[in-house]
Structure formats: C-alpha cells, structure tokens
**Q** 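The structure follows.
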Amino acid sequence: MATKSSELFRGAKDILPHHLGVFPFGLVFGVLAIASGLSPLEAILMSSIVFGGASQIVFVQLWSAGVPPFIVGTSVSIVNLRHVLYSASLSQYIKNLPLIWRLVLAYFLTDQTYANGLNHYRSNQLSKYDHYYFLGSGLALWSGWQIATIFGVLGATIIPSEWSLTFAISLTFIAIVAPMIKRFSDVAACITTGILAIVLQPLPWKLWLIAAGFGGILIGWFINYLMKEDKNK
Amino acid sequence: MIWLIMIYAGFLTYLTRFSMFSKSFARWLPGWIETPLYYVPITMLTAIIVPEVLLIEGSLNFSLSENLRLVAASFAIVVAIVTRSVFITILSGLICLWILQWLF
C-alpha cells in the first residue's frame, strides 16, 4: 500500500541513477563558476536560484566571456525554454493538484526529474500520492546538485583536469537526447543544430547557441510539416 | 549586477517550469506551439554538446586519435540508444574516455 512517505522515498530512489551525471555536472559547475570569477557564495546560491545545470553552465560561460548582461539573461532563458515542453507534457498528470503543489513541483522540474517523472506517470504503478513521488525525486536531485556544487566550489583548485569531468556534462545530455531522437525530423533538427553550432562560432556574444537552436527547431518543424509526422503519430 | 541577472535568469527559468502547470497560461498558449517546442530540448542540448565534442582549442578536429572525446561521445550515443540508461551511458562514456586517454 503506497503511503505519502513511501512514494517520497520511491521517487528519491528512482532518481538515483541520474546522480551519476548530476554529481560531476555540479562539480564542474562549481569549478567553472569559481574560474569565471564568481564568489563561492554566488556560485552556491545560483544552484538554488536557477537550479538548472545547462542554464548555469551557459550563464557562467557567457558571463566570463564578457557577454552583455541582457544577452546572458536571454540566452539562459532560451536554453530554458525546453521546460515549457516538459511542463506541458506533465501538466495532464498534475492538473488536479492544488495551486501550492503545482507551484512547488514546478521548481523541481528539470531534465532529470522530467525524464524520470514521465516514466513513472506512464508506468502502471500510479497511486494517489504521485505528487509525493515527484517531490521526492525533486528533493533528492536538488540535494545532490547543491552538495555537488559545494564540492566543486571547494575543490575548484584541486580537481585534476585528467578526470575530464566537463565531459560528464556532454554525456548527461547525450543520455537525455539520444533516446528522444525517433523521427526523421528529429535527426534533421539535430544535424542542423550541430552544423550551425560549429559554423556560427564566430558570432559575437556566443549568439551561436541561440541561433543554432533556432535553426534546428525551424528545420525540424518544417520537415515535420512536410512529412506530416505529427499526423502519423 | 551579477545578482540581478541571476535572479532574472532564475525567475525566467521558474516561469518556464511553471508555465503549463498554470491553467490560465496553458489555455492562453496556442496549440500549434507544441510542435516547435518539441524540438527545443533536443536542439538546445545538441547545441551545447556538439562544440564541446568537436572543437579542440577552437578548431574542428575529426582525428580519431587526437579527438578522444569524439570517439567516447560516439560510443556513448550508441550506448544511450541501445540501453536507454542514463547511468550506463555516462559511466561507459567516461570509462571509454579514460581508457583512450591512458592508451594515447
């Protein structure tokens, strides 16, 4: 029989595999943040205020490159637009929760809790305490992220570069993206993005990031329209 | 200054997360937007991955013996598609890179 606390713990337990990616990711963020000139306090609090790995990495990279603040904020927001999709995708499962629950759960919506939560909601192990499951996974991920950031900040000068921890960031995203690529338009969108991300490197203010993303989205959308993929779902 | 941008970024991030959890916003957003939005995660994350894997000190490097990240990342993509496991993908990618670094 599922109880509130059993669901909370189940959520926390199911998110554990993601810590393998999140921990080095947080470490790298802490190290990068210090290297980019943030104070330890700024670095650590950013992990609570923004609470988004990709966004925080993009933030410090742009910040340290001297990109104008407005562009930093905008680029981070565009990297974050993917949350709208996550939020849309999960909304059918949480729409009957009270506002306070929706406000709280939204804070914990990340690549990892989304992927894990969707698996859970689509499974046959639902209970009336699914929001506790999501909260448990969110709290566990949040704690891991904070601890990793603190370790990264503290270890900024002593973590050997041979560990290639920055590569763990790419690997986390590969683990999330690769299984999501199913249709021809997905492949086209990713290849377009990849080419643009390289070709547009000379753009000022690291605008290649936004431009490559938008280019890929447009191509994917266009091919989806041409091949009527949405209708064939 | 950095605090302002941080709070600005944090606020916008939270809004994107809450967006569709809000009943009025979900109703206000046109339905067709979901098609382009579907491509946001795969493209934005790809945009972060590709330069990280293909560029070495700012220039393209497709040499399999010099660009070990490219080899390890390709391996990880296959592992990710086959296993669909985050844990195995990250672990095998890192171990692959460490072995390559030790070999070359």
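A, B, ... follow the sequence lines: proteins, then strands. Residue 1 opens every chain.
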**Q** So what's closer than 4.5 Å to chain A heavy atoms on B:Leu54: side chain, backbone, both or neither?
**A**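 The answer is the side chain of B:Leu54.
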**Q** Between the side chains of B:Tyr38 and A:Asn224, is a donor N or O closer than 3.5 angstrom to an acceptor N or O?
**A**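 The criterion, which ignores hydrogens and geometry beyond distance, is not satisfied for A:Asn224 and B:Tyr38.
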**Q** If you count heavy-atom pairs within less than 4.5 Å of chain B, which of A:Gly73, A:Gly220, A:Ala54, A:Ala212 leads?
**A**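 Most pairs with chain B among the choices: A:Gly220.
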**Q** Would you check if B:Pro41 and A:Val177 make a side-chain contact, meaning some heavy-atom pair closer than 4.5 Å?
**A**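 Heavy-atom side-chain distance check fails, nothing below 4.5 Å.
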**Q** Mind checking whether A:Ile49 and B:Trp3 have side chains closer than 4.5 Å, heavy atoms only?
**A**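 A side-chain contact under 4.5 Å exists here.
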**Q** Taking A:Arg102 for its side chain and B:Phe21 for its backbone only, find out whether a donor-acceptor pair lies under 3.5 Å.
**A**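 Flag set: sc A:Arg102 to bb B:Phe21 pair under 3.5 Å.
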**Q** Between B:Ile2 and chain A, which part of the residue has a heavy atom less than 4.5 Å away: side chain, backbone, both or neither?
**A**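 Both backbone and side chain of B:Ile2 come within 4.5 Å of chain A.
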**Q** Report yes or no: does B:Tyr14 contribute a side-chain atom to a donor-acceptor pair with the main-chain N or O of A:Leu103 at less than 3.5 Å?
**A**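 Yes: the side chain of B:Tyr14 pairs with the backbone of A:Leu103.
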**Q** Tell me, side chain or backbone of B:Ile42 under 4.5 Å from chain A's heavy atoms, or both, or neither?
**A**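 Both the backbone and the side chain of B:Ile42 come within 4.5 Å of chain A.
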**Q** Please state whether the side chain, the backbone, both or neither of B:Ser92 comes within less than 4.5 Å of a heavy atom of chain A.
**A**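 Looking at B:Ser92, nothing touches chain A.
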**Q** Give the member of B:Gly10, B:Pro36, B:Ser19 that has the highest number of heavy-atom pairs under 4.5 Å with chain A.
**A**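 Looking at each option in turn, the highest pair count goes to B:Pro36.
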**Q** Let me know if A:Ser89 has heavy atoms under 4.5 Å from chain B in its side chain, its backbone, both or neither.
**A**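 Contact with chain B: none, neither part.
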**Q** At their closest point, which heavy atom of A:Ala197 faces which heavy atom of B:Ala47, and how far apart are they?
**A**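 The pair with the smallest heavy-atom distance is CB-O, 4.1 Å.
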**Q** Compare every heavy atom of A:Gly216 with every heavy atom of B:Thr43, then report the nearest pair and how far apart it is.
**A**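 For B:Thr43 versus A:Gly216, the nearest heavy atoms are CG2-C, 3.7 Å.
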**Q** Does the side chain of A:Trp221 come within less than 4.5 Å of B:Trp32's, by heavy atoms?
**A**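 A side-chain contact under 4.5 Å exists here.
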**Q** Would you please test A:Tyr86 and B:Thr16 for side chain to side chain contact (heavy atoms under 4.5 Å, CB included) and show each step?
**A** CA-CA 9 Å; A:Tyr86 297 165; B:Thr16 62; over 6 Å; no
**Q** What heavy-atom pair brings B:Met6 and A:Glu42 nearest, and what distance separates the two atoms?
**A**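 Of all heavy-atom pairs spanning B:Met6 and A:Glu42, the closest is CE-O, 3.6 Å.
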**Q** State whether a side-chain donor-acceptor pair under 3.5 Å links B:Tyr39 with A:Thr193.
**A**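 No - no donor-acceptor pair under 3.5 Å links their side chains.
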**Q** Please determine, among B:Leu37, B:Leu45, B:Val82, the option with the most heavy-atom pairs under 4.5 Å with chain A.
**A**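 Option with the greatest count: B:Leu45.
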**Q** Of the backbone (N, CA, C, O) and the side chain (C-beta and beyond), which part of A:Ile78 lies under 4.5 Å from a heavy atom of chain B, both, or neither?
**A**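 Both backbone and side chain of A:Ile78 come within 4.5 Å of chain B.
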**Q** In Å, rounded to the nearest 0.5 Å, how long is the span from OG1 of B:Thr35 to OH of A:Tyr225?
**A**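 Rounded to the nearest 0.5 Å, the OG1-OH separation comes out at 12.0 Å.
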**Q** Which one wins on heavy-atom pair count under 4.5 Å against chain A: B:Thr46, B:Thr89, B:Val50, B:Ile90?
**A**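 Top option by heavy-atom pairs under 4.5 Å: B:Ile90.
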**Q** Which heavy atom of A:Leu171 sits nearest a heavy atom of B:Ala76, and at what distance?
**A**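 Looks like CD2-CB, 3.4 Å.
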**Q** Let me know which of A:Ile210, A:Asn80, A:Leu209 forms a side-chain contact (heavy atoms from CB on, under 4.5 Å) with B:Met44.
**A**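 With B:Met44 as partner, A:Ile210, A:Asn80, A:Leu209 yield a single side-chain contact (heavy atoms from CB on, under 4.5 Å), made by A:Leu209.
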**Q** Between chain A and each of B:Ile88, B:Val53, B:Ile77, B:Ile81, count heavy-atom pairs under 4.5 Å; write down the option with the most.
**A**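 Ranked by contacts with chain A, first place is B:Ile77.
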**Q** Heavy-atom pairs under 4.5 Å with chain A: which of B:Glu34, B:Glu52, B:Lys23 has the most?
**A**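 Option with the greatest count: B:Lys23.
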**Q** Can you tell if the side chain of A:Ile174 reaches within under 4.5 Å of the side chain of B:Ile49, non-hydrogen atoms only?
**A**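 SC-SC contact between A:Ile174 and B:Ile49 confirmed.
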**Q** Using heavy-atom distances under 4.5 Å, tell me whether B:Leu60 contacts chain A through its side chain, its backbone, both, or neither.
**A**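 Only the side chain of B:Leu60 comes within 4.5 Å of chain A.
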**Q** What residues form a ring pair (Phe, Tyr, Trp, His ring centres under 6.0 Å) with A:Tyr121, not counting sequence neighbours?
**A**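 Ring pair (Phe, Tyr, Trp, His ring centres under 6.0 Å) check on A:Tyr121 returns A:Tyr93.
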**Q** Over all heavy atoms of both residues, which pair between A:Phe167 and B:Gly93 is shortest? Give the atoms and the distance, please.
**A**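 Looks like CE2-O, 3.8 Å.
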**Q** Output, in order, the C-alpha distance, side-chain angles, deciding distance and verdict of side chain to side chain contact (heavy atoms under 4.5 Å, CB included) for B:Ile5 and A:Val72.
**A** CA-CA 8 Å; B:Ile5 314 169; A:Val72 176; 4.2 Å; yes
**Q** Return the NZ to OG distance between A:Lys95 and B:Ser22, rounded to the nearest 0.5 Å.
**A**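 Interatomic distance, A:Lys95 NZ to B:Ser22 OG, rounded to 0.5 Å: 14.5 Å.
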**Q** Given the ring of A:Phe108, does B:Arg17 sit roughly above its face, with NZ or CZ under 6.0 Å from the centre of the six-membered ring and within 45° of the axis?
**A**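 No cation-pi geometry.
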**Q** To check you understand the geometry: which heavy-atom pair defines the closest contact between A:Ser87 and B:Met20, and what is its length?
**A**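 It is OG-N, 2.7 Å.
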**Q** Would you say A:Pro69 and B:Tyr8 make side-chain contact, with heavy atoms under 4.5 Å?
**A**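 Of all side-chain heavy-atom pairs linking B:Tyr8 with A:Pro69, none is under 4.5 Å.
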**Q** Walk me through whether B:Leu55 and A:Ile198 qualify under side chain to side chain contact (heavy atoms under 4.5 Å, CB included).
**A** CA-CA 8 Å; B:Leu55 298 180; A:Ile198 299 295; 3.9 Å; yes
**Q** Quick check on the interface: out of A:Ile219, A:Asp186, A:Leu97, who has the most heavy-atom pairs with chain B under 4.5 Å?
**A**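 Of the candidates given, the most pairs with chain B belong to A:Asp186.
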